[in-house]
**Q** 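The following block contains the structure, expressed as structure tokens.
Letters A, B, ... mirror the listed sequences (proteins, then strands); counts begin at 1. Computed from a predicted structure; not experimentally measured.
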There are 2 protein chains.
Amino acid sequence: MQSSIVLYSQAEENYLKCIYALEMEHGEEVSTNLIASKIKTKASSVTDMLKKLSAKNLVVYKKYQGVRLTERGRETALRVVRKHRLWECFLVQKLDFKWDEVHEIAEQLEHIESDLLIDKLDAFLRFPKTDPHGDPIPDKHGRMVISKTVRVLDMRIGSSGILTGVKDSSGPFLKYLNKKNLALGDKIKVIDIEPYDQSVHIETRTHRLVISNNVAENLYLRNVK
Amino acid sequence: MQSSIVLYSQAEENYLKCIYALEMEHGEEVSTNLIASKIKTKASSVTDMLKKLSAKNLVVYKKYQGVRLTERGRETALRVVRKHRLWECFLVQKLDFKWDEVHEIAEQLEHIESDLLIDKLDAFLRFPKTDPHGDPIPDKHGRMVISKTVRVLDMRIGSSGILTGVKDSSGPFLKYLNKKNLALGDKIKVIDIEPYDQSVHIETRTHRLVISNNVAENLYLRNVK
DNA sequence: AAGAATATTTAGGTTAGTCTAAAAAATGTT
DNA sequence: AACATTTTTTAGACTAACCTAAATATTCTT
């Protein structure tokens, strides 16, 4: 991740970050509509932006064929992700925010422009490897530790794991977890998966509960046995 | 300083902050050209913005007559100043930036939008009263401690003071001070003021030097005797 | 108080990023 | 394979914030 001293607008950075996330999730060409719904804008706006990003060599875009990040695009996206996640750490560790309160603020902070700042922040936080949601933080070269995690829904019945991440890190979902007394780092045992609706009975150190299929898809565990 | 949940653009905030600073400095109606030169834009752009700010009741503007902040405009400006100066403290105290490196980054951070964030940051820094340049930090109600300071140029010959602030906090000026080994908190004695060009001979604990009239206008001392 | 110089405003244009509506391409269905 | 549906792109408009050039006010000089 070399710093070619080229700056991108906040809008451009947001598109790159979004495309990066969708590539991770789907592993293939990312479609215009997908981007539009994630960024909450219209497909026509996305098309405009994809042309611009393509002209700047940040994505490979062919009409009607979806889009992929170039190496340069991925580097830029990772730089934004790094900033976002470091700021989230700062907010939680230093300013005592709760993990479900930090996303919107980090969305703003991630666009602050100064390599020196972000490296100093990294050092101040003692080079954290994951953010408060359990997502890995890219280092200054764009490398990060991908710890093997499994969706609750994909666990074997009877097995246990440590809750290390969530797919949907929106406010409402995180608040739901709080209400249900589920927190990062909790040990969770999968008691049963209901074949009919794929809802999952789980057990924590302190209580048992049933989570919907939808929730079970969004929770990631690091397998412990 | 009540939080009426109205948001302003970065450009609007920058104009308000600029007008606030110029009002402080000159104590009267602020002219279009003054704003233009401070914000590094064209007079015609300033006119456009003044109309907009006026429509939002942030300034009182009459054609050709200059502009003043309204109460609401002043509150908004002070909120931005507060954020700027708190972030400068953070950068210097926590991230080990030097005081002449923080201005540009704080210019970005001051637009981050979250009252909770700024109050938590304030607490984290233990409610500092001045920023690294010696400028007072408004509290959440917009109030601040104005410690009586005097320009080096206005000191009596033979008197001493503590360097508490600078008027021009641009990078180049601060770098100049560093080079000359002048830092906030230094005790400075005025040896002589040259009548011809208003240059000033000063003495610090460690050395003597001559500063130009220009520099002497920009350095503020708290009088000690 | 008139003319010169300066300051300010107006008029009209540009760019980034958005939008709606219509056209075109791709995909799904029978 | 033909039609219907969905997805994507194009065309044309809008806003915020800026610009240049020209017009108009104000202030300075004599």
**Q** Could you state the NZ-P distance from B/K62 to C/dT8, rounded to the nearest angstrom?
**A** 16 Å

**Q** Mind calculating the distance between CG (B/N33) and P (D/dT26) to the nearest angstrom?
**A** 15 Å

**Q** Please determine if a side-chain N or O atom of A/T41 lies less than 4.0 Å away from the OP1 or OP2 oxygen of C/dC19.
**A** yes

**Q** When you check the phosphate oxygens OP1 and OP2 of D/dC18, does a side-chain N or O of B/S45 lie under 4.0 Å from one of them?
**A** no

**Q** Rounded to whole Å, please give me the gap between CE in A/M49 and P in D/dT10.
**A** 16 Å

**Q** Between A/L34 (CG) and D/dT8 (C1'), how many Å, whole number?
**A** 13 Å

**Q** How would nucleotides 21-26 of chain C be written as a contact map, 5' to 3', with B for base contact, S for sugar-phosphate-only contact and - for no contact, using protein heavy atoms under 4.0 Å?
**A** ---BSS

**Q** If we count only N and O atoms by modelled type, under 3.5 Å, do the side chains of A/D168 and A/S170 hold a donor and an acceptor together?
**A** yes

**Q** Find the distance B/E29:CD to C/dT8:P and express it as a whole number of Å.
**A** 12 Å

**Q** For B/S31 and B/N33, test the side chains for any donor-to-acceptor distance below 3.5 angstrom and give the result as yes or no.
**A** no

**Q** According to the salt bridge (Lys or Arg N to Asp or Glu O under 4.0 Å) rule, which pairs have a member within residues 84-98 of chain A, sequence neighbours left out?
**A** A/R85-A/D131, A/K98-A/E101

**Q** Consider the side chain of A/K51, meaning its heavy atoms from C-beta on, and name the nucleotide among D/dT9, D/dT8, D/dT10 that approaches it most closely.
**A** D/dT10

**Q** Just how far, in rounded Å, is P of C/dT20 from NZ of A/K42?
**A** 4 Å

**Q** Examine A/K120 relative to B/F97 and say whether NZ or CZ is less than 6.0 Å from the centre of the six-membered ring and inside a 45° cone about the ring axis.
**A** yes

**Q** B/Q10 has an atom CD; how far is it from atom P of C/dA16, in whole Å?
**A** 18 Å

**Q** Rounded to the nearest Å, what distance is computed from the CG atom of residue B/D48 to the P atom of nucleotide C/dT10?
**A** 9 Å

**Q** Is the phosphate of D/dT8 approached by A/Y61 (side-chain N or O, under 4.0 Å from OP1 or OP2)?
**A** no

**Q** Whether the side chain of B/R72 engages the backbone of B/L58 through a donor-acceptor N/O pair (distance < 3.5 Å, no angle test) should be reported.
**A** no

**Q** Partners of B/E107 by salt bridge (Lys or Arg N to Asp or Glu O under 4.0 Å), sequence neighbours excluded?
**A** B/K17

